[in-house]
There are 2 protein chains.
Amino acid sequence: MALPRAARTQRRTRIQEEKEEQILEAALEVFSAHGFRGATIDQIAEKAGMSKPNLLYYFRTKEAMHRALIDRVLDTWLDPLREFNAEGNPVAEIRSYIRRKLEMARDFPRESRLFANEILQGAPHIEDELKGPLKQLVDEKAEVIRAWAKAGKIAKCDPYHLIFAVWSTTQHYADFDVQVRAVLGQENAGDGRFEDAARFLERLFVDGLQVRE
Amino acid sequence: MALPRAARTQRRTRIQEEKEEQILEAALEVFSAHGFRGATIDQIAEKAGMSKPNLLYYFRTKEAMHRALIDRVLDTWLDPLREFNAEGNPVAEIRSYIRRKLEMARDFPRESRLFANEILQGAPHIEDELKGPLKQLVDEKAEVIRAWAKAGKIAKCDPYHLIFAVWSTTQHYADFDVQVRAVLGQENAGDGRFEDAARFLERLFVDGLQVRE
DNA sequence: TGTAATGTTTACCAACCGGTCAAATTATCA
DNA sequence: TGATAATTTGACCGGTTGGTAAACATTACA
């Protein structure tokens, strides 16, 4: 008899590897576009090019599929923050953090929307990740920023809200893409808006808007 | 025979006024928390304290209800940007725009999430509003900002991305509230985070992070 | 007060959705 | 090759969901 994935302890076959990959790719597409509840297994199955029972052979429930996806994507998503380096030049570090986050918004908008959907609706499936690993990482980096501020290397400011500001301004270009496009008009159809955003944000975070003599 | 709302042309009765109010309040609660597809008519009906068919007597479809809600809320939501004043002091105008948007995030988080849900999932119901009234308003205010920059009253910067930055940083505190709370920890349980955010953001937008002699 | 318009409820329906089952098909490997 | 395990499928199920029909209740107003 065939055993569903969760019950297997042996090494995975080539087919398992491939199919799970296809499924998670399709699941990312659908979950990120419609949220957990708005997504249907049929939709995902169709995108993955297989029947619904076949899909459910690899992931026994919709929740299991969502969880596997979250687990797979969360690590990558936090990479830019992990690279944040205490030893580097503070202003340069913040600039490159902004740049990396913006690149992720450009290159992985579905991943961004996956989390945005989840958090927006109260993070029912990832509360633990937020309060655990995420908080821990942010606490750590916030301490770095606090030290920089204390040493007079950057302006005194609340490090948590600084991190929130970087997150929100950069992820905005993934999560609210349709609005950004609508406002900018179709003239800016290409990826130019990301370069413009990078220029603007680096300047904003470093110099602010006030003119000085 | 009873006619559903859309077919009526006469003035509305007291009962209509009251019930539609109750429904839209409940609809705001549910749509903002679960998105359009995730929300159910039963949920809204229960929150509004009436039966489902009764609710459907006032709004014939879920879509009609959603649309009425969007129409009602959009105007209020854009008020802070409308108040943006070309004649005022540029830096002061930007500061108070940030402050007002942050107050809206604090006082009307459901409204913020309603739009966030909608835009995040591709704005299927409000595309016209984005490309029409919203774009028009933003174009207008962007021109004001551009003029300020040209006159040397604020730093030269892309006005559209400036507006995006204000939107994203402020709305973040409504849309991603659970994440903000999770990261800050329960010590900051009250509304203190909004004051901290206001302090940080005003400073960020005006001065930036770089220290100067 | 009578009656017509308005408002409310109960019962219901068809489509959809997450998930199961058993049978059929295909891959693996001794 | 053959047997065994892994994979795939079509048919199906119970619960939910958006929405309807029609009877019943209430309100407005002449």
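Since the model is a prediction, treat every value here as computed from it, not as a measurement. Chain letters run A, B, ... following the sequence lines, proteins first, then strands; residues in each count from 1.
In this structure, the CG atom of Leu55(B) is 16 Å from the C1' atom of dT10(C), given to the nearest Å. Taking atom CD of Glu20(A) as the reference point, atom P of dA6(D) lies 14 Å away to the nearest angstrom. One atom, CD of Glu17(A), and another, C1' of dA27(C), lie 16 Å apart when rounded to the nearest Å. In this structure, Glu46(B) atom CD and dT9(C) atom P are separated by 14 Å, rounded to whole Å. Regarding Glu18(A), its CD atom lies at a distance of 11 Å from the P atom of dA27(C), rounded to whole Å. Note: CE (Met50(A)) to P (dT9(D)) measures 9 Å, nearest angstrom.
Residues Trp167(A) and Lys101(A) share a closest heavy-atom pair of CD1-CE, 3.8 Å.
Between Phe164(B) and Thr169(A), the closest side-chain pair of non-hydrogen atoms is not below 4.5 Å.
Between Tyr57(A) and dT8(D) there is no side-chain N or O to OP1 or OP2 distance below 4.0 Å. Here Gln16(B) does not reach the OP1 or OP2 of dT6(C): none of its side-chain N or O atoms lies under 4.0 Å away. OP1 or OP2 of dT8(C) sits under 4.0 Å from a side-chain N or O of Tyr58(B). Between Ser51(A) and dT8(D) there is no side-chain N or O to OP1 or OP2 distance below 4.0 Å.
Ion pairing of Lys135(A) with Glu129(A) is absent here, as no side-chain N (NZ or NE/NH1/NH2) approaches a carboxylate O to less than 4.0 Å. A salt bridge is absent between Lys141(B) and Glu93(B): the closest approach of a Lys/Arg side-chain nitrogen to an acidic carboxylate oxygen does not fall below 4.0 angstrom.
The aromatic rings of Phe36(B) and Phe31(B) sit parallel, their planes meeting at an angle under 30°, below the 60° perpendicular limit.
Side-chain atoms of Glu118(B) and His125(B) form a donor-acceptor pair, as typed in the model, at a separation below 3.5 Å. Looking only at atom types and distance, the side chain of Asp139(A) has a donor-acceptor partner in the side chain of Tyr160(A) under 3.5 Å away.
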Could you encode protein contacts along nucleotides 17-23 of chain D as a string, one character per nucleotide from 5' to 3', using B for base contact, S for sugar-phosphate-only contact and - for no contact, with a heavy-atom cut-off of under 4.0 Å? SBBBB--
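Taking the side chain of Asn54(B) as heavy atoms from C-beta on, and the options dT6(C), dT8(D), dT9(C), the nearest nucleotide is dT9(C).
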